[in-house]
Amino acid sequence: MTDRDFTPSLTRSDLIDNLARSQSHLNYKDVEIAVKSLIEMMSSALAQGDRIEIRGFGSFSLHYRPPRMGRNPKTGEKVQLPGKYVPHFKPGKELRDRANNQKPPRR
Amino acid sequence: MSLTKADMAEMLYDELGLNKREAKEIVEQFFEEVKIALETGHQVKLSGFGNFMIRSKAERPGRNPKTGEEIPISARKVVTFRPGQKLKTRVEAYAGSEQQ
């Protein structure tokens, strides 16, 4: 991030706070554990090569990057970089529509 | 195989002792919070996973693939996801049996 980036952000702990407020019958600790385990479920699904499909939100999958020749920036020496997988997100229709139709902040 | 909201609720039910309705509700609200943040111009930073952000795209020329007719694609805001280093490292290690 550059110094000029003032975009407000929602962090994992903000998300936990908001959920704890909206799910007030649950205690904070449980919401915190739930959010952490949701993120872990998503990470480990991708780490084992599974897709994630969340209706209204989007899908995550892995994209393959073939092997390529790279260069050591210090020595200029050529090095063979192996193929690898990278996570990819495709927003779903509802998220695309809502993101494209920005609203003022709620609080 | 793919992970769905139903799978996620089921795992919360099994592991955290939330009841099924609570588990379903928290999964639903989790994604809703991310959507609300993005539609109100926030980026979303989930440490250990990655960041979601809004990018503004300028209008660009497009084409109707069926008719070949030129039609401009209007300026719009789109959601992008940048995986965090931790997730990238975990995924890179995935030795897929076949490349996609």
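Hydrogens, waters and symmetry mates play no part in the numbers below; they use all other heavy atoms, side chains included.
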> Is the side chain of A/Gln23 donor-acceptor paired with the backbone N or O of B/Glu22 at a distance under 3.5 Å, no angle test?
Replying inline: no

>> More than 12 heavy atoms of other residues, nucleotides or ligands under 6.0 Å from CD of B/Glu28: yes or no?
In response: no

>> Any heavy-atom pair between the side chains of A/Met41 and B/Leu12 that's under 4.5 Å?
In response: yes

>> Hydrophobic clusters here meaning ILVMFWY residues chained together by side-chain heavy-atom distances under 4.5 Å, can you tell me if A/Tyr28 and A/Val35 are in one?
In response: yes

>> Measuring from atom CG of A/Leu62 to atom CD of B/Glu92, what distance do you get when rounded to the nearest 0.5 angstrom?
In response: 11.5 Å

>> Taking every non-hydrogen pair under 4.5 Å, which of A/Ala34, A/Ser13, A/Pro91 racks up the most with chain B?
In response: A/Ala34

> Measuring from B/Thr89:OG1 to A/Lys84:NZ, what's the distance to the nearest 0.5 Å?
Replying inline: 9.5 Å

>> Could you walk me through whether B/Ile26 and A/Leu26 satisfy the side-chain contact (heavy atoms from CB on, under 4.5 Å) test, starting with their C-alpha distance in whole Å, then the side-chain angles of each, then the deciding distance to 0.1 Å, before giving a yes or no?
In response: CA-CA 10 Å; B/Ile26 204 159; A/Leu26 299 178; 3.9 Å; yes

>> Given heavy-atom pairs under 4.5 angstrom as the criterion, report whether the side chain, backbone, both or neither of A/Pro87 touches chain B.
In response: both

>> Please find the pair of heavy atoms, one from A/Arg12 and one from B/Leu46, that lie closest to each other, and give the distance.
In response: CA-CD2, 4.1 Å

> Do A/Ser44 and B/Arg90 have side-chain heavy atoms sitting under 4.5 Å apart?
Replying inline: yes

> So which of B/Glu25, B/Lys57, B/Glu15 has the biggest tally of heavy-atom pairs under 4.5 Å with chain A?
Replying inline: B/Glu25

> Rounded to the nearest 0.5 Å, what separation is found between the OG1 atom of A/Thr7 and the CG atom of B/Asn51?
Replying inline: 11.0 Å

> Would you say the side chain of B/Phe49 lies within less than 4.5 Å of the side chain of A/Leu46, judging by non-hydrogen atoms?
Replying inline: yes

> Between B/Ser56, B/Gly17, B/Ser47, which has the largest tally of heavy atom pairs under 4.5 Å with chain A?
Replying inline: B/Ser47

> Taking all atoms of both residues into account, what is the closest heavy-atom pair of B/Thr4 and A/Ile54, and its distance?
Replying inline: C-CD1, 4.3 Å

> Is the shortest distance from a Lys or Arg side-chain nitrogen in A/Arg98 or B/Glu32 to a carboxylate oxygen in the other one below 4.0 Å?
Replying inline: yes

>> So for A/Thr11, is it side chain, backbone, both, or neither that comes closer than 4.5 Å to the heavy atoms of chain B?
In response: both

> Would one find more than 12 heavy atoms of other residues, nucleotides or ligands at under 6.0 Å from atom CZ of B/Phe81?
Replying inline: yes

> Is there a donor-acceptor pair under 3.5 Å between the side chain of A/Asn100 and the backbone N or O of B/Lys77?
Replying inline: yes

> Once you round to the nearest 0.5 Å, how far does CG of A/Leu38 lie from NZ of B/Lys5?
Replying inline: 12.0 Å

> So do A/Phe89 and B/Thr80 actually touch side chain to side chain, heavy atoms under 4.5 Å?
Replying inline: no

> Any idea which of A/Ala99, A/Ser22, A/Ser43 has the most non-hydrogen atom pairs under 4.5 angstrom with chain B?
Replying inline: A/Ser43

> What are the two closest non-hydrogen atoms of A/Gly56 and B/Lys35, and how far apart are they?
Replying inline: O-NZ, 3.5 Å

> Yes or no on side-chain contact (heavy atoms from CB on, under 4.5 Å) for B/Ile54 and A/Gln102, after CA distance, side-chain angles and deciding distance?
Replying inline: CA-CA 10 Å; B/Ile54 296 286; A/Gln102 294 279 313; 3.7 Å; yes

> Which atoms of A/Ser37 come close to chain B, meaning under 4.5 Å heavy atom to heavy atom: side chain ones, backbone ones, both, or neither?
Replying inline: side chain

> Are any non-hydrogen side-chain atoms of B/Ser2 and A/Glu53 less than 4.5 angstrom apart?
Replying inline: yes

>> To check you understand the geometry: which heavy-atom pair defines the closest contact between A/Leu10 and B/Glu33, and what is its length?
In response: CD2-O, 4.1 Å

>> With a 4.5 Å cut-off on side-chain heavy-atom distances among I, L, V, M, F, W and Y, is there a chain of contacts connecting B/Met11 to B/Tyr13?
In response: no

>> Ignoring hydrogens, what is the shortest heavy-atom contact between B/Val91 and A/Tyr85? Give both atom names and the distance.
In response: CG1-O, 3.4 Å

> Can the ring centroids of A/Phe57 and B/Phe30 be said to lie less than 6.0 angstrom from one another?
Replying inline: no

> Of the backbone (N, CA, C, O) and the side chain (C-beta and beyond), which part of A/Gln48 lies under 4.5 Å from a heavy atom of chain B, both, or neither?
Replying inline: backbone

> Under the side-chain contact (heavy atoms from CB on, under 4.5 Å) criterion, do B/Leu16 and A/Asp30 qualify, and how do the steps go?
Replying inline: CA-CA 8 Å; B/Leu16 298 185; A/Asp30 286 343; over 6 Å; no

>> Would a single hydrophobic cluster contain both B/Ile73 and B/Val79, if residues Ile, Leu, Val, Met, Phe, Trp and Tyr are joined by side-chain heavy-atom contacts under 4.5 Å?
In response: no

> Same hydrophobic cluster for B/Leu3 and A/Val86, using side-chain heavy-atom links shorter than 4.5 Å among ILVMFWY?
Replying inline: no

> Do the charged groups of B/Lys86 and A/Glu40 touch, with an N to O distance under 4.0 Å?
Replying inline: no

> Do A/Ser9 and B/His42 pass the side-chain contact (heavy atoms from CB on, under 4.5 Å) test, and can you show the C-alpha distance, the side-chain angles, and the key distance before you say yes or no?
Replying inline: CA-CA 5 Å; A/Ser9 47; B/His42 293 68; 5.6 Å; no

> Side chain, backbone, both or neither: which part of A/Ala45 has a heavy atom under 4.5 Å from chain B?
Replying inline: side chain

>> Within the 4.5 Å heavy-atom criterion, are A/Met42 and B/Met8 side-chain neighbours or not?
In response: yes

